[in-house]
Protein chains: 2
Amino acid sequence: MKPSIKDVAHLAGVSLGTVSRVLNNNPKVKPENQQKVLRAIAQLGYHPNPFARSLPSNKTHMISIFLPLMSSEFYGYLFEGIDNELSNVWYDSSIYPVFSKRRLISYSNPNAFPYQSDGMLFVSLIPERLFEGGHVPTNKPVVLVDAFSDKYDSIYVDNVNGGYLAGKHLIEKPGEIYLISIGEERNVEFASGVFGKRRRGFERALEEAGMHLMNSHVFEIGENFWEALTVGRKILQKAILPVNIFAVCDTLAMGIVEAVKESGLKLGIDVRVIGFDDLKWSEKIGLTTVRQPIMEMGKKATTILLDRISRDTSPRHEVCFKPKLIVRKSTGR
Amino acid sequence: MKPSIKDVAHLAGVSLGTVSRVLNNNPKVKPENQQKVLRAIAQLGYHPNPFARSLPSNKTHMISIFLPLMSSEFYGYLFEGIDNELSNVWYDSSIYPVFSKRRLISYSNPNAFPYQSDGMLFVSLIPERLFEGGHVPTNKPVVLVDAFSDKYDSIYVDNVNGGYLAGKHLIEKPGEIYLISIGEERNVEFASGVFGKRRRGFERALEEAGMHLMNSHVFEIGENFWEALTVGRKILQKAILPVNIFAVCDTLAMGIVEAVKESGLKLGIDVRVIGFDDLKWSEKIGLTTVRQPIMEMGKKATTILLDRISRDTSPRHEVCFKPKLIVRKSTGR
DNA sequence: CCTCTTTGATGAAACGTTTCATTAAAGATA
DNA sequence: TATCTTTAATGAAACGTTTCATCAAAGAGG
């Protein structure tokens with residue numbers, strides 16, 4: 001059986017309390033005894049049991065990351081930012097994907113496994129939509145990333161402004177304007193609303209220029225490459241060139257670009273495409289896009305969460321990053 | 001404060017043990033008392049604390065999923081298969097990405113947080129390479145998916161045969177043969193070796209046909225679209241047409257396809273491309289590929305893990321799925 | 001030398017459960 | 001009616017820690 005703190009205490013010839021104090025770096029322990037305890041720990045290969053530890057202390061040194069789905073590059077970058085920040089303080093994280101009714105039911109139990117962590121990071125998720133009563137069923141700190149709520153600390157990028165930048169850029173170009181967005185209505189509970197915001201900003205830019213986005217020029221699809229590819233083909237089949245297309249994320253933009261290349265039309269001349277995100281490959285395919293600082297968002301959110309865990313009681317934090325337009329050849333020049 | 005089992009017992013007018021038995025569906029409780037307890041639970045909004053529960057019972061109703069990185073579609077499908085299977089038995093899962101030295105250190109503690117779960121699923125990871133001593137530091141059940149080890153239950157696809165199928169298909173076509181693979185040497189500890197196997201099978205097919213893969217025709221890159229795109233451009237610049245290219249996964253194949261389209265060459269005629277995986281979009285871009293049943297693998301691995309958790313002590317399980325060649329127009333006809 | 005503080009260690013209670021040995025009550029058998 | 005089973009409930013111990021109130025020993029001050 002695994003050694004317990006009792007075995008250590010016995011071997012070192014001290015009491016439980018003393019071992020515990022050594023484990024927790026409590027200064028009130030004689031150097032001599034500390035050595036004895038450390039030797040016993042090493043000799044037995046003892047490691048404290050985190051669950052047992054958390055019972056009296058109510059601390060786990062863990063945070064829980066909730067996110068809607070896994071297979072998007074966005075979350076890879078975000079996670080990198082989070083993990084870097086955690087490594088400074090020896091915290092670890094577990095990831096809990098939220099994408100089904102079943103998961104949601106399980107997470108509405110205030111004693112659900114994930115809520116035993118010291119803090120929660122909700123990524124691209126809005127508690128108001130997810131939970132009955134509109135809040136995460138825990139008293140522990142909760143921080144939102146890539147999502148906004150006026151009840152929680154929120155770290156996000158100014159999506160409306162991002163869409164606006166895209167719009168401003170496209171209205172200068174000749175040709176009709178199309179929008180490829182992500183339909184958030186079907187799964188409204190798992191949606192963060194960021195795509196709707198990008199669209200709003202985009203439409204505002206058009207309106208300011210006295211232009212109007214036609215319903216027939218708007219396509220709402222799933223968040224994946226191949227639906228965008230399909231839509232791209234459909235658009236190019238009957239469009240009057242040149243055409244200007246805003247896709248609300250780079251993955252969709254990629255689908256459009258692919259359709260353009262298939263069709264033999266010239267990207268940046270016949271068809272202009274602008275995306276949103278600026279993922280690693282966006283530069284390689286010359287995609288004009290609106291950049292958001294994903295890793296920084298993850299980092300910032302983590303810092304705030306860790307502060308909250310160590311009893312930061314200041315009023316709600318809200319950090320809004322500014323997006324930046326990156327012009328490449330998919331919109332000509 | 002949250003209600004505890006004591007509060008329930010008190011309100012229901014029974015002992016702790018009785019409440020516990022109700023919670024665990026132990027039949028030895030009088031219906032009348034059961035009702036009292038259930039009412040008290042509902043009235044207090046009581047939920048058992050999973051950590052406290054796990055202390056005496058050593059059960060969490062959780063499994064831990066370890067995987068090397070997040071942003072690949074492969075893991076999305078796999079997770080779907082896993083989660084479906086879990087939902088039947090009311091198990092939940094947490095995900096632990098393994099990609100840095102730091103993570104590895106933290107996971108070599110036998111009492112690390114993830115090992116408190118009832119079982120571990122190691123995805124695309126080989127314990128022998130990850131841990132000193134060559135095994136996962138836990139006594140609880142461990143099952144490997146998309147990876148092979150003769151020490152653990154292993155669920156995987158026959159990658160050698162998959163590569164062989166790709167090779168057999170390409171050698172029938174005129175033109176030189178290229179291989180785009182993933183360099184596993186840099187991060188050998190986090191690698192599963194599947195790409196090497198695909199390559200071996202591929203080369204075997206060539207050898208059987210008296211052909212030989214030239215070193216200058218092999219490219220080892222990172223597992224991402226844009227490195228493949230870059231390599232694709234490089235190849236097409238100087239290649240003598242026609243060219244036949246095997247990419248060890250669809251994501252890389254996609255990069256090559258993209259390069260082909262940019263170049264204006266004809267896919268399936270000037271340049272033939274075959275991938276591996278058969279992701280959702282592969283059909284849409286007409287990519288010939290070797291299909292592996294990702295979801296099924298996840299499902300099967302989960303079933304086995306759950307059996308192990310409920311004390312299946314039969315000898316080591318090994319399930320090898322057969323890959324299937326899917327011919328589409330990226331290899332002509 | 002006596003008292004007062006400080007330092008470090010101790011033992012026990014607590015955290016929220018499960019589980020086990022025990023007991024009480026009820027039913028069955030003779 | 002007396003004994004034997006069965007059923008259901010109880011109380012306490014256990015799981016592996018932290019923490020708190022208490023205590024003993026040592027050092028300081030007069």
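Everything numeric here is computed off the predicted structure, so don't read it as measured data. Keep in mind that the numbers below use all heavy atoms, side chains included, and drop hydrogens, waters and symmetry copies.
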* Asked: With a non-hydrogen cut-off below 4.0 angstrom, is A/Asn24 in contact with a base, only sugar-phosphate, or nothing?
  -> sugar-phosphate
* **Integer-rounded Å distance: D/dT17 C1' and A/Lys6 NZ** => 10 Å
* Structure fact -> By nearest-nucleotide position on DNA chain D, the 5'-leaning member of B/Gly17 and A/Ile5 is B/Gly17
* Could you check how far CG of A/Asn25 sits from P of D/dT18, rounded to whole Å? => 11 Å
* Structure fact -> Here the pair of heavy atoms bringing A/Gly133 nearest to A/Lys151 is O-NZ, 4.3 Å
* Measure from NZ on B/Lys59 to P on C/dT19 and round the result to the nearest Å. => 11 Å
* **Estimated bend of the helix from C/dC1-D/dG30 to C/dA30-D/dT1 (axis per five terminal pairs, rounded to 10 degrees)** => 50°
* What pair of heavy atoms forms the shortest contact from B/Pro68 to B/Phe190, and how long is it? -> CB-O, 4.2 Å
* Write down the distance between CG (B/Leu23) and C1' (C/dT18), rounded to a whole number of angstrom. => 10 Å
* Asked: Among side-chain atoms of B/Glu132 and B/Ser108, is any donor-acceptor pair under 3.5 angstrom?
  -> no
* Closest to the A/Tyr46 side chain: D/dG16, D/dT18, D/dT17? -> D/dT17
* Asked: For A/Gly298 and A/Ile82, which heavy atoms make the closest approach, and how far apart are they?
  -> O-CG1, 3.8 Å
* **B/Asp312 and B/His317: side chain donor to acceptor below 3.5 Å** => yes
* Is the closest side-chain donor-acceptor distance between B/Arg21 and B/Ser15 under 3.5 Å? -> no
* Least distance between heavy atoms, B/Leu86 atom then B/Thr302 atom -> CD2-CG2, 3.6 Å
* Interface with DNA chain C, restricted to residues 105-116 of chain B and to heavy atoms under 4.0 Å -> none
* Does OP1 or OP2 of C/dG16 have a side-chain N or O of B/Arg53 closer than 4.0 Å? -> no
Kindly give the atom pairs (protein nitrogen or oxygen, nucleotide nitrogen or oxygen) under 3.5 Å for nucleotides 21-27 of chain D.
none

* Looking at B/Arg308 and B/Pro315, what are the two nearest heavy atoms and their distance? -> NH2-O, 3.1 Å
* With a 4.0 Å cut-off on heavy atoms, is A/Ser20 in touch with a base, just the backbone sugar-phosphate, or nothing at all? -> base
* Donor-acceptor side-chain pairing of B/Ser94 and A/Ser94 below 3.5 angstrom -> no
* Structure fact -> Ranking C/dG16, D/dG16, D/dT18 by distance to the side chain of B/Ala52, first place goes to C/dG16
* Can you list the steps and then say if A/Arg102 with B/Asp92 is a salt bridge (charged side-chain N to carboxylate O under 4.0 Å, His left out)? -> CA-CA 10 Å; A/Arg102 178 176 89 89; B/Asp92 266 336; 3.5 Å; yes
* Asked: Tell me the ring pair (Phe, Tyr, Trp, His ring centres under 6.0 Å) pairs involving residues 85-104 of chain A, sequence neighbours left out?
  -> A/His61-A/Tyr91, A/Phe66-A/Tyr96, A/Phe99-B/Phe79
* To do: List for me each residue that meets side-chain hydrogen bond (donor to acceptor under 3.5 Å, both in side chains) alongside A/Thr60, sequence neighbours excluded, and say none if there are none.
  => A/Asp118
* Asked: Rounded to the Å, how far apart are B/Asn49 CG and D/dC15 P?
  -> 19 Å
* **Residues B/Ser93 and A/Arg103: side-chain donor-acceptor under 3.5 angstrom** => yes
* To do: Starting at atom CE of B/Met1, determine the distance to atom P of C/dC15, rounded to an integer number of angstrom.
  => 10 Å
* Structure fact -> When every non-hydrogen atom of A/Tyr46 is compared with those of A/Ser4, the smallest separation belongs to CE1-C, 3.6 Å
* To do: Grab the CD1-P distance between B/Ile41 and C/dG16 for me, whole Å please.
  => 16 Å
* Nearest-angstrom distance from the residue atom CZ of A/Phe51 to P of C/dC15 -> 20 Å
Can you give me the N/O atom pairs linking the protein to nucleotides 4-9 of chain C at distances under 3.5 Å, or say none if there are none?
residue, atom, partner, partner atom, Å
C/dA9, OP1, A/Asn33, ND2, 2.1
C/dA9, OP2, A/Lys30, N, 2.8

